[in-house]
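Reminder, nothing fancy here: chain letters follow the sequence lines and each chain counts from 1. Everything quoted here is computed from the prediction, not taken from an experiment.
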Number of protein chains: 2
Amino acid sequence: MSQQRSERPAGSDSRPARSAAGLSADGSPGHGLPERGAPASELPDLPEATVARLPEYLRALHVLADGGGDVVSSEELAQAAGVNSAKLRKDLSYLRSNGTRGVGYDVGQLIDKIEHVLGLNQHRAVALVGVGNLGQALAGYGGFGSRGFHIAALFDADPTRVGDRIAGLSVRHIDELAEVVATEHIAIAVIATPAHAAQAVADALVDCGVTSILNFAPCVLSVPENVDVRKVDLAIELQILSFHEHRKSTLTALPEAIS
Amino acid sequence: MSQQRSERPAGSDSRPARSAAGLSADGSPGHGLPERGAPASELPDLPEATVARLPEYLRALHVLADGGGDVVSSEELAQAAGVNSAKLRKDLSYLRSNGTRGVGYDVGQLIDKIEHVLGLNQHRAVALVGVGNLGQALAGYGGFGSRGFHIAALFDADPTRVGDRIAGLSVRHIDELAEVVATEHIAIAVIATPAHAAQAVADALVDCGVTSILNFAPCVLSVPENVDVRKVDLAIELQILSFHEHRKSTLTALPEAIS
DNA sequence: AGGCGCTCGTGAACGCGTGCACAAATCGTG
DNA sequence: CACGATTTGTGCACGCGTTCACGAGCGCCT
Ligand SMILES: NC(=O)c1ccc[n+]([C@@H]2O[C@H](COP(=O)([O-])OP(=O)(O)OC[C@H]3O[C@@H](n4cnc5c(N)ncnc54)[C@H](O)[C@@H]3O)[C@@H](O)[C@H]2O)c1
Ligand SMILES: NC(=O)c1ccc[n+]([C@@H]2O[C@H](COP(=O)([O-])OP(=O)(O)OC[C@H]3O[C@@H](n4cnc5c(N)ncnc54)[C@H](O)[C@@H]3O)[C@@H](O)[C@H]2O)c1
């Protein structure tokens, strides 16, 4: 178990490990507005850190839009999203942003723009593999629809689970993966199986043409270069918190640190 | 709902936003082995990026230990953890690591060291607030014990849920929070309530003395400076994947990128 | 004992990300 | 029409994080 494939050990903490797939011909070291990319209205190669923040802005914008606001200043939006306002403005500037100086950003327009950049215009179909403890919670979660996704299919290897209906979907056997992925046009999958099964599931997903994987199993997945993997490991998050907790307690132990 | 507190908008993507709490008196720009910190055997102020990777190393080490290995080279361990070997060695060097040149690292010793640094020697007690869809999955998850934690108490505001028994624990009313946190010595809590309740829950937790929070609700929490918040937002992860998916499809759309 | 091969530890260089600070642009008003 | 208030867009510098490359130490074999 837990055998490493030879291809690539994806799944670093942050970015989904996209190695340059042939491009990056532009050798300019410039920081301002990289000009490579599709000619006209296409995204000019956003920094990963920016990409990771756009969803946060989008969430905050939806809250503002529901509140009736139609324009936001960078300061307001930044506070709502929990970031620095300068950072926010720089991030939005990568989107050829259409903020108005002296006024702010048009909320609706900005939502559209970010959703377009993130590719959320069409609701993306997501497959969920492993309908156990966690998988059932995810399948039953109603919050994805408003964020641009819908769970299109559930899979499990346990024959006693196959056929169960959860949130309007029936659980299908993992053998049907290829067929369903094709007919439902699924490009993104979630792995919620035990760790010992995760690599095999990932391999099967990749074989079916899935190119993005969100992995809940506590293990490293090896996938081909064109496949993105992001992982969520609960225990790791807790352990990071534990470190800071530990550090706090040893810090308060010393009475005076400043001489 | 979703009112912002004035204190501090914690919950950036990665690091738990620990602003310097008075120290950092050492003005040296040096990168090698910062020498501030407790005098003898204490942690020399690890970089956040390193802290975030230590749990990954720990997991890989446990797998190796179960496999019977007693020494690992940095190359092996790095591959098992999905990182660069130079990065691994630098990370471990911050722990005053006791690797042996020409041989490698002693697996057991390294496990002990990392667990000590992360403060995992004592099993830390964790409180879980919000025993809904997701909360039940977390409460029923058996994998925390081996990672240094145990769920010590469950809380919910819904009176019909209070009293339910899940995984050997009975759900208690949120009003009992202060009492239980004190008696169980809880310093870390998980929020799995709807977003509109999360800030109020966080406030209550902070009032009880909880200083680390893992937040599953899709919202920004404001907490005092000495409290660490990490968030896990499923939809954000999917949206980041969606971006790369979108990018892939627009890339393959152009037939030839290289002139 | 001496040499040889192996692996750790780390100095140094590079690139990315962040935040300050300011110029440019827009709106409202008299 | 001119001016001031306001807010965006961004040049620039700094610090953190990553990676290469190599010296330093350790064990083994002869
Ligand atoms: N439950 C949690 O709160 C939690 C927390 C952190 C991490 N995780 C991780 O998430 C994963 C799932 O956790 P869980 O509690 O739901 O486990 P679980 O055992 O309840 O569910 C796993 C499901 O995967 C199915 N499965 C096994 N092999 C499969 C295969 N080859 N193909 C398809 N399906 C397969 C099983 O039949 C089962 O239904 C685990 O890796 C766990 O470590 C869970
Ligand atoms: N279920 C998922 O897979 C999933 C995925 C992504 C994000 N989330 C987020 O996780 C959170 C929980 O999701 P869920 O599906 O379990 O929701 P849920 O509605 O099933 O459960 C929420 C629980 O919190 C309790 N609660 C409400 N207010 C409370 C309060 N003030 N104090 C204590 N308890 C309170 C409710 O009684 C309920 O039991 C939500 O914020 C959701 O957006 C869930």
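Looking only at side-chain heavy atoms (C-beta outward), B:His62 and B:Arg147 stay at 4.5 Å or farther from each other. A 4.5 Å side-chain heavy-atom check between A:Leu234 and A:Phe216 finds every atom pair outside the cut-off. Side-chain contact check for B:Ile236 versus A:Leu58: every heavy-atom pair is 4.5 Å or farther apart. Taking the side chain as every heavy atom from C-beta outward, A:Phe144 and A:His123 never approach each other to under 4.5 Å. With contacts defined as side-chain heavy-atom distances shorter than 4.5 Å, the pair A:Phe243/B:Val117 qualifies.
In this model, a donor atom of one side chain and an acceptor atom of the other lie less than 3.5 Å apart for A:His244 and B:Glu48.
When each of D:dC20, D:dT18, C:dG9 is scored by its nearest atom to the side-chain atoms of B:Ser93, the top-ranked nucleotide is C:dG9. Among the nucleotides D:dT18, C:dC8, D:dG17, the one closest to any side-chain atom of B:Lys87 is D:dT18. Of all nucleotides listed (D:dG17, C:dG17, D:dT8), D:dG17 comes nearest to the side chain of B:Pro47. Closest contact between the side chain of A:Asn84 and the listed nucleotides C:dT26, D:dT19, C:dG19 involves C:dG19. With D:dA21, C:dT26, D:dG27 as the candidates, the nucleotide lying closest to the side chain of B:Thr100 is D:dG27.
At whole-Å resolution of the value, CG in B:Leu92 and P in C:dT10 are 12 Å apart. In this structure, the CZ atom of A:Arg89 is 15 Å from the P atom of C:dT18, given to the nearest Å. Atom CZ in B:Arg96 sits roughly 12 Å away from atom P in C:dG9 (whole-Å rounding). The OH atom of A:Tyr94 sits 10 Å away from the P atom of D:dT10 (whole-angstrom rounding). Here the P atom of nucleotide D:dT10 and the CG atom of A:Asp91 are 13 Å apart, to the nearest Å. Going from atom CG of B:Leu95 over to atom P of C:dC8 covers 14 Å, rounded to whole Å. Summarising the geometry, the separation between CG on B:Leu77 and P on C:dT7 is reported as 14 Å, rounded to the nearest angstrom. Between the CG atom of A:Leu88 and the P atom of C:dG17 there is a distance of 16 Å, rounded to whole Å.
Side-chain to base pairing of B:Lys90 with D:dT19: one donor and one acceptor N or O lie within less than 3.5 Å of each other. Looking at B:Arg101, its side chain comes within 3.5 Å of the base of C:dC8 through a donor and an acceptor atom.
Residues satisfying the salt bridge (charged side-chain N to carboxylate O under 4.0 Å, His left out) criterion with A:Glu115, sequence neighbours excluded, are absent altogether.
Applying a 4.0 Å cut-off to non-hydrogen atoms, the residues of residues 102-114 of chain B that approach DNA chain D are B:Gly102, B:Val103, listed by residue number.
A:Asn98 has no side-chain polar atom (N or O) that falls below the 4.0 Å cut-off from OP1 or OP2 of D:dT8.
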